[in-house]
Amino acid sequence: MNARIEHIRKEEREYHENYYEHYSLYEKGTWLHKPVGVVLRMANRLNTGKPLNMLDLGCGIGRNSIPLAEIAMPAGGKVVCVDLLGKALTKLRQYASKFGVKSAIVTEKSDISDYVIPPDTYDYMIACSSLEHVKSEASLHKVLKSMADGTKVGGINTIVMHTNIEEYDIATGKKRETLFEIIKSKDDVLNLLSRNYDGWERLHLQEEPLELEINRGDDPVMLKADSVTIAVIKR
């Protein structure tokens with residue numbers, strides 16, 4: 001792993017671990033306040049009473065995983081939750097117990113760049129604000145292909161990915177180094193997703209500007225991006 005990626009990973013780990021310590025899952029006023037609406041809508045579209053196998057790539061502490069488990073659990077389904085941060089997975093397991101869905105949650109510690117998705121395995125996969133953090137452009141292509149190949153016919157993939165990412169120092173307004181592994185234009189991401197899911201039916205596409213205040217060490221930073229959300233079903 002090159003020095004740039006190591007530096008970004010260190011900064012991101014510190015930011016997320018600090019955030020998870022200071023804010024609780026579903027705490028108002030945070031980006032953990034609620035799950036992504038389209039993630040749950042697509043899961044409910046698949047919820048016909050059969051056991052659902054779901055995969056959350058870059059699950060964090062369970063913002064989406066917990067409500068997905070609530071959908072999957074009555075029929076005996078599972079949500080496999082993958083994240084690089086062991087502390088995030090520990091908190092996810094604690095929240096799974098708190099919300100009564102422990103039996104439906106499986107945690108796996110892994111960089112999603114390296115995570116192996118067996119072919120034709122999952123009914124539903126999500127990657128929310130996580131594909132920006134794979135190791136390289138080649139890893140991004142690999143993960144997307146693996147997601148497509150690992151989805152059963154009739155299954156759905158939902159992806160939220162930030163594009164055109166920039167970071168600004170709030171105190172000065174000056175542009176800073178952007179500490180994301182993958183920085184791509186919105187058009188490039190849309191084209192990549194279109195190629196990866198050629199032959200799939202598009203169920204949802206949304207593009208919207210994003211501004212989010214974060215911290216880099218002790219420095220408050222404004223993250224600006226164009227967020228792309230897409231949901232597709234395998235035909």
Next on the checklist: Give me the atom names and distance for the closest heavy-atom approach of L193 to V228.
Outcome noted: CD1-CG1, 4.4 Å

Item to check | Between S113 and D111, a side-chain donor and acceptor under 3.5 Å | outcome: yes

Item to check | Residues which pass salt bridge (charged side-chain N to carboxylate O under 4.0 Å, His left out) with K34, listed by chain and number, not counting sequence neighbours | outcome: none

Item to check | Closest approach of L92 to C59 (non-hydrogen atoms, all atoms of both residues) | outcome: CD2-SG, 3.8 Å

Checklist entry - Would you find a donor on one side and an acceptor on the other, under 3.5 Å apart, between the side chain of T158 and the backbone of A231? => result no

Next on the checklist: Applying side chain to side chain contact (heavy atoms under 4.5 Å, CB included) to L68 and V39, what does each step give before you reach the verdict?
Outcome noted: CA-CA 8 Å; L68 288 180; V39 165; 4.0 Å; yes

Next on the checklist: Would you compute the distance between atom CG of N44 and atom CD1 of I71 and round it to the nearest 0.5 angstrom?
Outcome noted: 4.0 Å

Next on the checklist: Restricting to non-hydrogen atoms, name the atom on L46 and the atom on L52 that form the minimum distance, rounded to 0.1 Å.
Outcome noted: O-CD2, 3.7 Å

Checklist entry - Got a second to check how far N53's CG is from M125's CE, nearest 0.5 Å? => result 10.0 Å

Item to check | Counterpart residues, ring-ring contact (aromatic ring centres under 6.0 Å, His included), relative to Y19 (two or more places apart) | outcome: Y15, Y23, W31

Next on the checklist: Quick check on the hydrophobic clustering: are M161 and L212 connected, directly or via other members, by side-chain heavy-atom contacts under 4.5 Å?
Outcome noted: no

Checklist entry - Honestly curious: do V80 and V134 fall in one hydrophobic cluster under the side-chain, below-4.5 Å linking rule? => result yes

Checklist entry - Taking all atoms of both residues into account, what is the closest heavy-atom pair of V160 and S227, and its distance? => result CG1-OG, 3.7 Å

Checklist entry - Are E137 and K184 close enough for a salt bridge, meaning some N to O gap below 4.0 Å? => result yes

Checklist entry - Should D123 and K152 count as an ion pair when the cut-off is N to O under 4.0 Å? => result yes

Checklist entry - Within a reach of under 6.0 Å around CZ of R202, are more than 12 heavy atoms found that belong to other residues, nucleotides or ligands? => result no

Item to check | Distance-minimising heavy-atom pair for G155 and W200 | outcome: O-CZ3, 4.2 Å

Checklist entry - Which is it for H133 and F180 under the ring pair (Phe, Tyr, Trp, His ring centres under 6.0 Å) test, yes or no, and what are the steps along the way? => result CA-CA 6 Å; H133 296 293; F180 281 74; 4.9 Å; yes

Checklist entry - Looking at I182, L144, L57, L192, which hits side-chain contact (heavy atoms from CB on, under 4.5 Å) with L131? => result L144

Checklist entry - After noting the C-alpha distance and the side-chain angles of D114 and K135, does the key distance pass the side chain to side chain contact (heavy atoms under 4.5 Å, CB included) rule? => result CA-CA 9 Å; D114 305 320; K135 293 176 182 176; 2.9 Å; yes

Item to check | Name of the residue among E21, E27, H22 meeting side-chain contact (heavy atoms from CB on, under 4.5 Å) with S24 | outcome: E27

Checklist entry - Side chain of K234, backbone of A148: donor and acceptor closer than 3.5 Å? => result yes

Checklist outcome for this item: Which of N196, L55, N157 passes side-chain contact (heavy atoms from CB on, under 4.5 Å) with M147? It is N157

Checklist outcome for this item: For D83 and G58 the tightest heavy-atom approach is OD2-C, 3.5 Å

Next on the checklist: Tell me whether E11 is salt-bridged to R216, with the criterion being a basic N under 4.0 Å from an acidic carboxylate O.
Outcome noted: no

Next on the checklist: Is it the case that the side chain of N64 and the backbone of V36 share a donor-acceptor pair, with hydrogens and angles ignored and the cut-off at 3.5 Å?
Outcome noted: yes

Next on the checklist: Between K10 and E6, does any NZ, NE, NH1 or NH2 come within less than 4.0 Å of an OD or OE carboxylate oxygen?
Outcome noted: no

